[in-house]
Number of protein chains: 4
Amino acid sequence: MPKLGMEPIRRDALVKATITEIGRAGSLDVTVSQIAKRAGVSSGLAHHYFGSKEQIFVAAMRHILSVYGAQVRAALTLAKGPRERLEAIIRASFEAGNFRSEVISAWMNFYVQAQTSEGARRLLQLYQARLRSNLIHDLRPLVGAAASEMAANIAALIDGLYIRHALRDSKPDGQRASERVLACLEMMLSDHLCSENIPAGGMKP
Amino acid sequence: MPKLGMEPIRRDALVKATITEIGRAGSLDVTVSQIAKRAGVSSGLAHHYFGSKEQIFVAAMRHILSVYGAQVRAALTLAKGPRERLEAIIRASFEAGNFRSEVISAWMNFYVQAQTSEGARRLLQLYQARLRSNLIHDLRPLVGAAASEMAANIAALIDGLYIRHALRDSKPDGQRASERVLACLEMMLSDHLCSENIPAGGMKP
Amino acid sequence: MPKLGMEPIRRDALVKATITEIGRAGSLDVTVSQIAKRAGVSSGLAHHYFGSKEQIFVAAMRHILSVYGAQVRAALTLAKGPRERLEAIIRASFEAGNFRSEVISAWMNFYVQAQTSEGARRLLQLYQARLRSNLIHDLRPLVGAAASEMAANIAALIDGLYIRHALRDSKPDGQRASERVLACLEMMLSDHLCSENIPAGGMKP
Amino acid sequence: MPKLGMEPIRRDALVKATITEIGRAGSLDVTVSQIAKRAGVSSGLAHHYFGSKEQIFVAAMRHILSVYGAQVRAALTLAKGPRERLEAIIRASFEAGNFRSEVISAWMNFYVQAQTSEGARRLLQLYQARLRSNLIHDLRPLVGAAASEMAANIAALIDGLYIRHALRDSKPDGQRASERVLACLEMMLSDHLCSENIPAGGMKP
DNA sequence: AATGAATGAGGATTCATTCAT
DNA sequence: GATGAATGAATCCTCATTCAT
């Protein structure tokens, strides 16, 4: 008994099922049938809505990124001043909803898929660009021209902590991960202050 | 033309062909036949020597890690003092032979496979443990108890830079990547000096 | 042209094709593709419905046994009294539909497969148990405690005649085979009568 | 270090290894490599001596039959008079060396292979012919023209008991099996005596 | 809108057989 | 005589995709 307006519901169910299944399998070796079954629909319907398996994956990635983006935006509205905003961005990255082994696994896999799928690649590049621009936006008032370099380091650190948790057996601890990044941020900021007052190269003993 | 003592030669050819093919495909979706053909042997022989596709992948990973390990050791013999040793470790990570898009791609894929294959997981964990212990060994003389935390950050940064290059279209620039990590290292070291002289919490404005 | 409710039709076609192909090949060295082609479907569908080649074989065996069982039951409803019933059981075993070289061949092969496949073994054990209990049921009124031993002999004789026809070049003659078993049965029954009146051991000269 | 006169030793080892492996596997799905390994030689050598896998199987079958034949002959030289000779033939069939689950399994498989391999078929037909002629030779003095029919029944019974043990989980009991056949033989013989003195058809009640 | 029957290409794996040494 | 390296055909099985209903 087909109903009207089911499309968004089905799409959503399929996207969520995709993330779940990828997390469960720990790889993209997930069949369309598995995804469809978990979403409670037929495999035919999955193709009907998404056209191909790759598109399903891309949609799933887009979903993860948009959830993440929404969280960042939400956190930013509450934050006051650059420092709080930076903290908000970093904490959002390791927020419990994102920093689950399931999502980490999907994330990892999407990086791999980005090597093959143009759609996947564009999405991840978009994510990187956004994170970068968010960080720069709030670093600039604090460190000026050094913002770009610093943003790149923070971003790499975040991604590095993600990837390192893909091997962990224990449950990911987002709290601890964000503390670590925040500590590094503090370090960079204070280092920047020092280096402004001290002649360049003075750091090296 | 069957000869005696071909085993090590074939194994080596197959391992190298595997890395090449994974790099070319950008994913583990590489057939045994492709690998075998590139190695100049039949697909049957690949199974004869490795038993299964997964084993071939694990062997390829082991190869990458052992090459990397050898480079680190070589660099360490030339280095004098903790600082030079730390620099050697970091530079080795981004040395031209490792930091090629081909190897980066294989690396990424192995992370993914580690979620499924016990052998792959163990190897990567081994890599992480070694890197960590190498770093700690030379950080301890410089920063004492802070070595552990600092090592984790450096390691995450290295991995993060790797992963970020998986999306790049341009050729990976190992030189620049290691400069970046080294700069961070300097920062952490100098920060450590400061914080020893300044009351805790004093950093926060 | 996919339709609804095709499953039973396809399963049936595949099972019959399996028996035909095994008979034609004279061995279980029959590919799934051959079976599928004869059934007029793709090889994929065969797996879709049965899961594996072994399952297809087991289903084919089950089919043969159920046809045989139905024939026995049908014959038994018409039979009056133990003797007629025994005759019905024996004749059913060599009935033209079962005692074809095709089915004999499949039968032989299933015995072999029973050494490897638990499913096959259970089915054949079930067949043996049923034949035995059918025979005992109607022998008991005639010979009492001797029924068990006698049933075993009749059953072995039936199987023996089957196996011996696997080597024959000529068409199996079920009529003659059942006459032979029936003659043996008569012999056993009359012998039983004699031995009741004559002191044990008196047979040996 | 090749030696002279190794051929018969190697052939023998391979033949025995074949029977062992078939017994172990419960099917003819045994690789030449397995057989060769068990015989302690290379797979190449197996082909060198036998030419093909089928020939190896045929040789193994020939071995089993010749052992069996030798046992029958040996038993016959000790036997005095037709009855003792018949008993000797039957007991030889279920002698401990033959009536092992290993050999039963090989036997079963050879019946199957006889449907495909001309060599196998000829050997089995030879076995059947010999058994038949042995039985007839000693039945004739006892029952005259009925010998042929009776021999066929005894032979079928023997084969039937063999096949029935292919499904048993317990160790085959050759002693009991031959008792059973001998009892049937007695029955047939005494029945023959009766029927000579009683009008035909008098058996039916 | 939704199903699931059906296909068929593709891939891992096995193994008999060959052959240079 | 003996090895075992090497091949490649053969086969089971999976799965994305299509399509009639």
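Within every chain, numbering begins at 1; the chains are lettered A, B, ... in the order of the sequence lines, protein sequences first and strands thereafter.
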Original post:
Whole Å only: how far is the CD atom of C:Gln34 from the C1' atom of F:dC12?
Top reply: 13 Å

Original post:
Expressed in angstrom and rounded to an integer, what is the separation of A:Leu14 atom CG from F:dA16 atom P?
Top reply: 14 Å

**OP:** Taking only the side-chain nitrogens and oxygens of A:Arg10, find out if one of them lies under 4.0 Å from OP1 or OP2 of E:dA1.
**Re:** no

Original post:
Toward the 5' end of DNA chain E, which comes first, B:His48 or A:His48, by nearest nucleotide?
Top reply: A:His48

Original post:
Would you say a side-chain N or O of C:His47 is under 4.0 Å from OP1 or OP2 of F:dT14?
Top reply: no

**OP:** Report the nucleotide, chosen from E:dG11, F:dA5, E:dT17, that has the shortest atom-to-atom distance to any side-chain atom of B:Met6.
**Re:** F:dA5

Subject >> Side chain of B:Tyr49 - closest among E:dA5, F:dA5, F:dA16 >> reply: F:dA5

**OP:** Figure out the CD/P separation between C:Glu54 and F:dT11, and round it to whole Å.
**Re:** 18 Å

**OP:** To the nearest Å, give me how far apart NZ (D:Lys53) and P (E:dT14) are.
**Re:** 14 Å

**OP:** Output the single nucleotide from F:dT3, F:dT17, F:dA6 whose closest atom is nearest the side chain of A:Ser43.
**Re:** F:dT17

Original post:
Of all the nucleotides listed (E:dA12, E:dT7, F:dC15), which has the minimum atom distance to the side chain of A:Thr31?
Top reply: F:dC15

Original post:
What is the distance, rounded to the nearest whole Å, between atom CG of B:Leu45 and atom C1' of F:dA9?
Top reply: 16 Å

Original post:
To the nearest Å, how far apart are B:Asp29 CG and F:dC15 P?
Top reply: 12 Å

